[in-house]
Amino acid sequence: MTRSVLSVADLSADEIGQTLDLALETKRGRRTSAELAGKTALLIFQKPSLRTRVSFELAVSNLGGRPLYLSPPEVGLGERESPEDVGGVAGRYCDLIVCRTFDQSNLERLAASSGVPVVNALSDWEHPCQALADLLTIREHGGAKGRVLAYVGDGNNVARSLVLAACGEGMHVRLASPAGYELDAASVDAASQRADASGGSIVLLSDPSEAVASADVIYTDTWTSMGQELEATQRLEDFTGYQVNAELVAEASPAAVVMHCLPAHRGEEISDDVLDGPQSVVLDQAENRLHAQQALLAWLFSR
Ligand code: CP
Ligand code: NVA
């Protein structure tokens, strides 16, 4: 059966655990493999990218495959052609589609029409590959189970994927967002169900200090995601008081690590001294995109 990963929910908590095990083995040089030998991966990107594009191109190449990148103006997904027509054609040439898009339904339509696995490289709704890399990073920095993850900021695509994955790994998740920017109730419910099975928990708060008190991991993301640029001024105002800065980090566990998926809007959601400081693990996160995605693709194509 063709498996796609459009959302963290497409992977069970066990499958996420296995993928992370595989990623660690590969990262430590204990495993090489060629699950994509002779295969072509089409990378369709409707938004800009540094980490996701580079790490997917390398992951595909490392597994013996060939990446083929289509930039935003070349894609025309839903403009030049319908997602069904793009998917139908791509499925005749390629063995895998990796897609960064706005609307989550574009991913579903590509998966339904192409007949090949589709992997979400970020949509407005989710960023599942980021969440895999984040959990890999948390494993390397003290582990996930039973530890407290405080997410401070927008209840966005990154938050949605992160909390589902983290709750599946047994973390105690606290989300602090301003009114109107909370994670939606259905996503919180889904995370809560995974938490019930793993011994974790999830709670929605509004006070960043309450969220980070004695926390082991502090995570934030931009207040203005790609596609929301027209709301930037309003968002800057609405997120006042939600910056992850030295004062806030001092309220967490002294050993806490600070995470950010990048790109950062320095001086907005995070201060320079924290992003560049000793508790920041943002470059480990960025590196782990490669290891996590390589493991995910190896797992998808070894089944
Ligand atoms: N974190 C992340 O997805 O970065 P890019 O937008 O650069 O790919
Ligand atoms: N929430 C951000 C993440 C970027 C990696 C965005 O969607 O722009």
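We count ligands from 1, going down the list as the structure has it; atoms in each ligand are counted the same way. Source: prediction; values computed, not measured.
At a heavy-atom cutoff of 4.0 Å, ligand 2 is surrounded by Leu122, Asn156, Asn157, Val158, Asp221, Thr222, Ser225, Met226, Leu262. In this structure, ligand 1 sits under 4.0 Å from heavy atoms belonging to Ser49, Leu50, Arg51, Thr52, Arg100, His127, Gln130, Cys261, Leu262, Arg289.
Between Glu268 and Arg235 there is no salt bridge, since no side-chain nitrogen of the basic residue lies less than 4.0 Å from a carboxylate oxygen of the acidic one. Arg174 and Asp207 are not joined by a salt bridge, as no carboxylate oxygen comes within less than 4.0 angstrom of a charged side-chain nitrogen.
Every side chain to side chain contact (heavy atoms under 4.5 Å, CB included) that Ser71 has, sequence neighbours left out, goes to Tyr69, Pro73, Glu74.
In this structure, a donor-acceptor pair under 3.5 Å is absent between the side chains of Ser271 and Asn245. Inspection of the Thr26 and His291 side chains reveals no N or O donor paired with an N or O acceptor under 3.5 Å.
Both tests pass for Lys47 against the ring of Phe102: distance under 6.0 Å to the centre and angle within 45° of the axis.
Closest heavy-atom contact between Asn120 and Pro128: ND2-CD, 3.5 Å.
Ring geometry for Phe239 versus Trp223: interplanar angle under 30°, hence parallel rather than tilted (30 to 60°).
Hydrophobic cluster membership for Leu42: Leu6, Ile44, Leu68, Leu70, Val75, Leu77, Val86, Ile97, Leu107, Leu110, Val116, Val118 (Ile, Leu, Val, Met, Phe, Trp, Tyr linked by side-chain heavy atoms under 4.5 Å, directly or transitively).
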